[in-house]
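The chains referred to below are lettered A, B, ... by the order of the sequence lines, with proteins before strands, and numbering in each begins at 1.
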Protein chains: 2
Amino acid sequence: MTETPDRPSGPFPAAVTVDLVILTVRAEALHVLLIERGKPPYLGLPALPGGYVRPHEDLDAAAIRELREETGLDGHTLHLEQLHGYGAPDRDPRGRTVTTAYLALGPDMPAPVAGTDAGAARWTPVNDALAAGFGLAFDHGGILTDGVERARTKLEYTTVATSFCTEPFTLSELRSVYEVVWGLPLDPSNFRRKVTRTAGFVEPTGERRATDPGRPAALYRRGDARELVPPLLRSSSDVHRPATAPPAHP
Amino acid sequence: MTETPDRPSGPFPAAVTVDLVILTVRAEALHVLLIERGKPPYLGLPALPGGYVRPHEDLDAAAIRELREETGLDGHTLHLEQLHGYGAPDRDPRGRTVTTAYLALGPDMPAPVAGTDAGAARWTPVNDALAAGFGLAFDHGGILTDGVERARTKLEYTTVATSFCTEPFTLSELRSVYEVVWGLPLDPSNFRRKVTRTAGFVEPTGERRATDPGRPAALYRRGDARELVPPLLRSSSDVHRPATAPPAHP
DNA sequence: TCAAAAGTGTTTCTCATACACCCATGT
DNA sequence: ACATGGGTGTATGAGAAACACTTTTGA
């Protein structure tokens, strides 16, 4: 912190909050948990869940607490990481407020607990929430954009994609996570190879699960590895190119 | 922000600061800019430069301002990015203080301006500053560790390494940045190929610079590219293996 | 027995590694 | 001329992309 004494700057009171970008994959689309504001400002508008940090609480602890309060889920079973700090002077009309945004990634979750908070929590497709005119409260549109971008890049070089899956899961389910978050189709067999060849990415359980039609799929659990080397690049790599016109001669 | 009304939590006043991890490469080692604290707490101990955010100032603006005040350098010519927020309740004995740390990377800089601040600023080798018993003020040891780690990984998949070089620079100088930050020797010819084949990483100026003995090196400027795909991995790739004992027969 | 999904094998090609070798300059 | 660093060329091998093919189930 290191203050700079004897100059026009000095400590002034600000409110400290945490906000949560909670993402999950459901119905083949990336969803974010939004609540409806129950009081001004931005009354009735959708917003990210969050709240004030308590006087004797660390930022991470506040994020875990808010996560449980809003979703009923244990912050230790989800992936939770600090995203970014936001402190524009006018971001809250009530007064100077600095927020630390957190990114949470989890499997398709039970219907969100009707928050002790005013408005009920709702899963919203990210594409809808980011559409122009949707109107998130405060600067939450920008925060959501940053969170989604972080999630996309983190899939490349970490194993967090498994956080979106309920254990045990199949490799098709894991691949679907990548396809939904990146918005790209991947080649199933090459994806399988990369995942199973990376030590600690997934661990087979030995069990299988029947699918409606088709061969039962082997089940896996999350492995110990967190970093992914080499990374699973989404650009120019592993993309199953759609059926384009084949070259001239048959 | 989204307060949670009618519950034991609510806004309480906290001080808001920014701290800077300013790194540079000089004398074949990574250095960090530290100031000496001129007043309690932690009087006389080294600390990261930083200060209070002003009442009508954004976090980024505060970081740029502090950077100029402490180094005399323009925040727009250096690489500057938000690092992480730190808000442990007891991190400052004077009261609740939440800080947002920023990471700045720049070329070997002019001797730091004797800060308007109390203690003079000093370049310190990162290895010394992180050694047990060096004793940085507050939680600045942890912040510095996080900053160095961020710098190491960012060299892999972005072009920020060029921020450490004074333009124009040679490819040997750029390679030296990687070697110093990663602590690994790299193969000069393969490094050259990767850098020059990545569009927008560096742009040749057409000029050359004489070296003491040896062929003059071509000079380059930073390119437009910020992301580096494919990344320049530091693990198991491009490492020039040191002279180990050769196989049995000569 | 057919459709659908899981899973394996294989060819082709790209790119990184390792290292030999040539170039340009100061002493 | 020779030592020193800059810079180019290339043989080898690992791994990715593309896709044909086999396996296992439900209807």
Side-chain angles (χ1 to χ4, degrees), chain A residues 28 156-157 168-176 178-179 182 184-199 201-202 204-220 228-247 250, chain B residues 28 156-157 165 168-176 178-179 184-199 201-202 204-220 228-244 246-247:
Chain A
E28 304 290 284
E156 288 188 317
Y157 56 92
F169 52 86
T170 69
L171 292 188
S172 294
E173 289 167 351
L174 183 60
R175 176 167 48 85
S176 171
Y178 278 90
E179 293 177 330
W182 286 351
L184 294 172
L186 299 181
D187 182 292
S189 59
N190 293 333
F191 179 83
R192 155 183 303 280
R193 226 190 315 271
K194 282 190 186 174
V195 170
T196 55
R197 296 244 170 124
T198 302
F201 196 165
V202 297
T205 66
E207 307 286 305
R208 309 186 146 266
R209 176 195 297 163
T211 53
D212 290 334
R215 176 174 173 174
L219 293 172
Y220 295 83
L228 204 50
V229 287
L232 204 60
L233 298 176
R234 74 179 187 274
S235 46
S236 86
S237 154
D238 214 3
V239 177
H240 191 72
R241 76 181 144 63
T244 53
Chain B
E28 303 290 282
E156 288 188 317
Y157 57 91
C165 297
F169 53 86
T170 69
L171 293 188
S172 294
E173 289 167 351
L174 183 60
R175 175 166 48 85
S176 172
Y178 279 90
E179 293 177 330
L184 294 172
L186 300 181
D187 183 293
S189 59
N190 293 332
F191 178 82
R192 154 182 304 278
R193 223 190 318 272
K194 283 190 187 174
V195 170
T196 55
R197 296 246 169 122
T198 302
F201 196 165
V202 297
T205 66
E207 307 285 305
R208 308 184 146 267
R209 176 194 295 163
T211 54
D212 290 334
R215 175 175 174 173
L219 293 172
Y220 296 84
L228 204 50
V229 287
L232 205 59
L233 298 176
R234 73 177 188 274
S235 45
S236 85
S237 151
D238 214 3
V239 177
H240 189 74
R241 72 181 144 65
T244 52

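The two residues B:Leu228 and B:Tyr178 make their nearest non-hydrogen contact at CD2-OH, 4.2 Å.
Rounded to a whole Å, the CG atom of B:Leu232 is 15 Å from the P atom of C:dC15. Atom CZ in B:Phe191 sits about 16 Å away from atom P in C:dA18, given to the nearest Å. Whole-Å rounding puts the B:Glu207 CD to D:dG6 P distance at 18 Å. For the pair A:Arg215 CZ and D:dT24 C1', the computed distance is 6 Å after rounding to whole Å. If you take CZ of A:Phe169 and C1' of C:dA6, they are 16 Å apart, rounded to a whole angstrom. Here the P atom of nucleotide D:dT4 and the CZ atom of B:Arg209 are 21 Å apart, to the nearest Å. With rounding to whole Å, A:Tyr220 atom OH is found 9 Å from C:dG7 atom C1'. Between the CZ atom of B:Arg192 and the P atom of D:dT10 there is a distance of 17 Å, given to the nearest Å.
When the ring pair (Phe, Tyr, Trp, His ring centres under 6.0 Å) test is applied to A:Tyr220, no partner is found at least two apart in sequence or on another chain. Looking at residues two or more places apart in sequence or on another chain, you find a side chain to side chain contact (heavy atoms under 4.5 Å, CB included) between B:Thr170 and B:Ser172, B:Glu173, B:Arg209, B:Ala217, B:Leu219.
Of all nucleotides listed (D:dA18, D:dA16, C:dA18), C:dA18 comes nearest to the side chain of B:Asp187. For B:Ser189, the listed nucleotide lying nearest its side chain is C:dC19; candidates were C:dC19, D:dG6, D:dT23.
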Before you tell me yes or no, could you show the steps for B:Leu171 and B:Thr196 under side-chain contact (heavy atoms from CB on, under 4.5 Å), namely the whole-Å CA-CA distance, both residues' side-chain angles and the distance that decides it to 0.1 Å?
CA-CA 9 Å; B:Leu171 293 188; B:Thr196 55; 3.9 Å; yes

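Across all strands shown, A:Ala210 has no heavy atoms under 4.0 Å from either base or sugar-phosphate atoms. Within 4.0 Å (heavy atoms only), A:Arg208 reaches sugar-phosphate atoms of the nucleic acid but no base atom.
Where B:Pro213 and A:Asp212 each meet DNA chain D at their nearest nucleotide, the meeting point lying more 5' is that of B:Pro213. With DNA chain D read from its 5' end, the first of the two nearest nucleotides for A:Gly214 and B:Arg175 is the one closest to B:Arg175.
Between atom CZ of residue B:Phe201 and atom NZ of residue B:Lys194 there is a gap of 11.0 Å, rounded to the nearest 0.5 Å. Expressed to the nearest 0.5 Å, how far CZ of A:Arg215 lies from CZ of A:Arg208 amounts to 6.0 Å.
Contact between the side-chain N/O atoms of B:Ser172 and the OP1/OP2 oxygens of D:dG6 is found at a separation under 4.0 Å. Residue B:Lys194 places at least one side-chain N or O under 4.0 Å from the OP1 or OP2 atom of C:dT17.
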Polar atom pairs between nucleotides 10-12 of chain C and protein, under 3.5 Å, N or O only, would you list them?
unit_1 : atom_1 : unit_2   : atom_2 : d
C:dT10 : O4     : A:Arg193 : NH2    : 3.4

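For the pair B:Ser189 and B:Asp187, the minimum side-chain heavy-atom distance is below 4.5 Å.
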